[in-house]
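Lettering follows sequence order; numbering is per chain, from 1. Everything quoted here is computed from the prediction, not taken from an experiment.
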There are 2 protein chains.
Amino acid sequence: MAMDRDQVLRDAAALLSRKSTATMDEVARAAGIGRATLHRHFAGRDALVRALEELGIREFEVAFDNARLDEGTAVEALKRLVAQAEPNAELLAFLVTENQLFEGDQVNEGWARLDARVGALFRRGQQEGDIRIDLSPAWLTEALYGLIGTCAWAVMDGRVAAKDFQYMITELLLGGARRSVEQ
Amino acid sequence: MAMDRDQVLRDAAALLSRKSTATMDEVARAAGIGRATLHRHFAGRDALVRALEELGIREFEVAFDNARLDEGTAVEALKRLVAQAEPNAELLAFLVTENQLFEGDQVNEGWARLDARVGALFRRGQQEGDIRIDLSPAWLTEALYGLIGTCAWAVMDGRVAAKDFQYMITELLLGGARRSVEQ
DNA sequence: CCACGATGAGACAGTGACGTCTCATGCGGG
DNA sequence: CCCGCATGAGACGTCACTGTCTCATCGTGG
């Protein structure tokens, strides 16, 4: 009976990230509930999107905490972060692409905080000599988001195996595609 | 007087990739034309999206040809490809995220051909020993698209300088973020 | 200078999604 | 066992977008 609000939001994100013009009815069916129930819990489409944003921020705050970004090397922390982010990758994919949220230059405070944490992680890696300094933390942050979203889509479409999620992202982001001598 | 059809499509892609629910009126204003004119050239929203798809495929076919993917090493060819793709990066970003185009598993033939060319490039790099074999060509292809789109957005939002476009993508995709010993 | 073609602005009806409502169903707790 | 509450299905009016139309304007070529 009790509708799993977070699960509904996750299903909505999975659909909307691929078909952003989806109807409220389509969203409801994708989540396995009726349209009326969807409207009972989210006043409208805007409210739904804002709830998605809130859930995303909340989940990633938790993921960041669980990844213990301050422990060990930045590289190790980044791998933990990707692993923690996986369950909400589709949500991230939706939020990254749906930038109508950030209209009017009033970037959401929560996102700014997350951006700062990721940026700080890359900056720490640069200071410790583990991360290249010719790639800006801002770009590395964007690239991390982009690769997580891209991989989430690739998994959804069956082009990448779900079990390879963390490996594909971290290996590409950290090591790159080029085959080095020592590898 | 003469409306630049391709430029209108590019402006539309830049807007729609960030706000996929944008109105036809918003698209027209973003392109600097009237709504009536937009409708004169594109029968409707579907026709507009299909025109975007066609333009994207056409432009990237040309970009691929100009990049001469068969010449030199795969790494060199990839760098040329990214450079050639830059003018249409926003278009690619829209097409990659707007996967409602590919409903019903009837993937557009043109896209399949482009995918095949990129995949073949990575495969050649793997065979020649320049590209890692533990990252599948399918994933590398997706990652390339994703990074181009992500970088296009980052440039649009001012988080990455436009002049760094090619460098940021190729260096991250090929070399990764980790600082190697010999670098 | 004139005529033609394209464009922008606005009006107009049609349409489809939205948001709200009611009612019947079904599960769970008391 | 029965009551209560959440849900699903459907109906309904509203509204925003759509697609088409007309008309005035503009600049371009003849």
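Interface remark: the A:R35 side chain does form a donor-acceptor pair with the C:dG19 base, using a distance-only criterion of under 3.5 Å.
When the nearest nucleotides of DNA chain D are assigned to A:L38 and B:T23 by heavy-atom distance, the more 5′-ward of the two goes with A:L38.
Applying the 4.0 Å criterion to OP1 and OP2 of D:dT7, one finds that A:H41 has a side-chain N or O inside that range.
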Set out, in order, the CA-CA distance, both residues' side-chain angles and the distance that settles side chain to side chain contact (heavy atoms under 4.5 Å, CB included) for A:F165 and A:V160, then state yes or no.
CA-CA 8 Å; A:F165 182 87; A:V160 167; over 6 Å; no

Evaluate salt bridge (charged side-chain N to carboxylate O under 4.0 Å, His left out) for A:R18 paired with B:E98, printing each intermediate quantity in order.
CA-CA 6 Å; A:R18 296 308 259 175; B:E98 206 62 12; over 6 Å; no

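Rounding to whole angstrom units, CZ of residue A:R45 and P of D:dA16 are separated by 16 Å. Rounded to whole Å, atom C1' of C:dT20 lies 15 Å from atom CG of A:D25. Between B:F42 atom CZ and D:dG19 atom P there is a gap of 13 Å when expressed in whole angstrom units. Between the P atom of C:dA17 and the CG atom of A:L48 lies a distance of 17 Å, rounded to the nearest Å. Rounded to an integer number of Å, the gap from CD of B:E26 to P of D:dT18 is 9 Å. Between A:H39 atom NE2 and D:dA6 atom C1' the separation is 17 Å, expressed in whole Å. In this structure, CG of B:D46 is placed 12 Å from P of C:dG16, rounded to the nearest angstrom. A straight line from CZ of A:R40 to P of D:dC5 spans 14 Å, rounded to a whole angstrom.
For the pair A:R10 and A:E59, the salt-bridge criterion is met [side-chain N within less than 4.0 Å of a carboxylate O]. B:R113 and B:E109 are joined by a salt bridge, as a carboxylate oxygen and a charged side-chain nitrogen come within less than 4.0 angstrom of each other.
Side chain of A:A36, nearest nucleotide from D:dT18, C:dC21, C:dG8: C:dC21.
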